[in-house]
Amino acid sequence: MTASSDLSDPAPAAAPAAAAGGPPRAALRWRAALLVLLTFGAGTTDIVGVLGMEKVFTANMTGNIVLFGLAAGEGNGADLARCGAATLAFALGLLAGFLIAGRTAAGRVWPPRVTAVLAFVLALQTAFLAGWAAAGAEPRGGGLLALVSLSSVAMGAQTAAARSMAADGITTTFVTGTLTSMMGGLAVGQGAAAGLRTAVILSLAAGAAVAGALMTSAPVAAAAVSPAVLAVVIAGAFRLHPARTS
């Protein structure tokens, strides 16, 4: 969906690692399910932005940068402000997320500090939902920019949380890097993580489909999907805190 900076070599497949004395397969499957859920939530979030906040992405920054350039070429100040605010806020969310997550904890399937980042994301998404509902799902002016920024910071922090785990090239907010990792892995015979990567890609589309359907009749409910999913992920993550990769 977007161009990603995650163009590193494909991550080693999770299943062989488990077979060689790595983390329990059950823990890896649980982590995979949580990552798929996070990506589903990101899909709903982007659709709320595109359909409800005058066509701005809050999880897909490549799209925003392209739209920013288009707005600059057309001299459209309102679009410049929205896309610029989203991109800057996303970058700040990334920074905050990486600072909270700290250095990748060696041997952890899901470090507790990653859950702390997601708790921060949930607080932001809850604030967004409150503002979205207060605006009747039709924010305008400064309120619109504030909501765009809130959502973008949240998605940036979520991206940092997933990236800090280095889980098979999964980012949860955009999937070009995931698709690249999957195809690169298949090209060199590392296809064990292809199932997870495919599920992540499909879950982004599924989240977008669900939000798109809801936006026509229940836009507040559409915005509530992502924080609800995130709350489930956070609850499930506690199960993984003791799990180790070695």
Side-chain angles (χ1 to χ4, degrees), residues 1-2 33-64 67 78-79 81-83 85-87 89-90 93 97 115 117-159 161-162 170-175 178 198-237:
M1 184 174 174
T2 78
L34 297 183
L35 291 171
V36 168
L37 282 175
L38 282 176
T39 309
F40 178 90
T44 69
T45 297
D46 250 348
I47 291 302
V48 170
V50 170
L51 297 183
M53 294 193 290
E54 301 183 18
K55 298 182 180 179
V56 65
F57 293 101
T58 60
N60 175 348
M61 288 305 108
T62 296
N64 273 332
L67 292 175
D79 285 356
R82 272 195 318 281
C83 294
T87 304
F90 188 89
T115 307
V117 177
L118 295 182
F120 170 64
V121 174
L122 180 58
L124 293 172
Q125 288 191 338
T126 301
F128 173 88
L129 180 59
W132 178 255
E138 294 182 353
R140 294 290 182 268
L144 173 60
L145 286 178
L147 290 180
V148 165
S149 298
L150 268 175
S151 184
S152 298
V153 171
M155 289 297 97
Q158 178 176 310
T159 302
I170 306 303
T171 58
T172 78
T173 53
F174 46 81
V175 297
T178 300
T198 300
V200 163
I201 292 168
L202 293 177
S203 70
L204 190 73
V210 168
L214 288 173
M215 282 294 290
T216 60
S217 58
V220 174
V225 173
S226 188
V229 168
L230 184 56
V232 171
V233 171
I234 290 171

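All values below come from the heavy atoms of this structure, side chains included, with hydrogens, waters and symmetry mates left out. Just so it is clear, the model here is predicted, and its values are computed rather than measured.
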* What heavy-atom pair brings A85 and L145 nearest, and what distance separates the two atoms? -> CB-CD2, 4.3 Å
* side-chain hydrogen bond (donor to acceptor under 3.5 Å, both in side chains) against T44, all qualifying residues, sequence neighbours excluded -> none
* Asked: What do the steps show when you test L37 against T172 for side-chain contact (heavy atoms from CB on, under 4.5 Å), and what is the final call?
  -> CA-CA 9 Å; L37 282 175; T172 78; over 6 Å; no
* Structure fact -> All heavy atoms of C83 vs all of L67, minimum pair found to be SG-CB, 3.6 Å
* Among all residues two or more places apart in sequence or in another chain, which pass the ring pair (Phe, Tyr, Trp, His ring centres under 6.0 Å) test with F128? -> W132
* Asked: Could you state the interatomic distance from CG (L150) to CG (L129), rounded to the nearest 0.5 Å?
  -> 11.0 Å
* Structure fact -> Minimal heavy-atom distance between L204 and T39, with the atoms involved, is CD1-O, 3.5 Å
* Residues forming a side-chain hydrogen bond (donor to acceptor under 3.5 Å, both in side chains) with T115, sequence neighbours excluded -> W110, H241
* Keeping to residues at least two apart or across chains, list the side-chain hydrogen bond (donor to acceptor under 3.5 Å, both in side chains) pairs with something in residues 213-230. => T45-S226, Q125-S226
* Asked: Among pairs that include at least one residue of residues 138-151, which meet side-chain hydrogen bond (donor to acceptor under 3.5 Å, both in side chains), considering only residues two or more places apart or in two chains?
  -> T58-S151
* What closest approach, in Å, do A137 and V220 show between heavy atoms, and which atom pair accounts for it? -> CB-CG2, 4.4 Å
* **Which atom of A86 lies closest to which atom of M61, heavy atoms considered** => O-SD, 3.8 Å
* Asked: Is it true that a side-chain atom of D46 and a backbone atom of A59 form a donor plus acceptor pair closer than 3.5 Å?
  -> yes
* Tell me the salt bridge (Lys or Arg N to Asp or Glu O under 4.0 Å) pairs involving residues 47-61, sequence neighbours left out? -> E54-R82
* Are any non-hydrogen side-chain atoms of L118 and L38 less than 4.5 angstrom apart? -> yes
* Kindly write out the residues that satisfy side-chain contact (heavy atoms from CB on, under 4.5 Å) with T198, not counting sequence neighbours, or none if the list is empty. => M182, L202
* To do: For V117 and A157, work out which heavy atoms get closest and say how close.
  => CG1-O, 3.4 Å
* Structure fact -> Residues passing the side-chain contact (heavy atoms from CB on, under 4.5 Å) test with V36, sequence neighbours excluded, are L196, A199, V200, S203
* To do: Would you list the pairs meeting ring pair (Phe, Tyr, Trp, His ring centres under 6.0 Å) in which at least one residue belongs to residues 200-225, sequence neighbours left out?
  => none
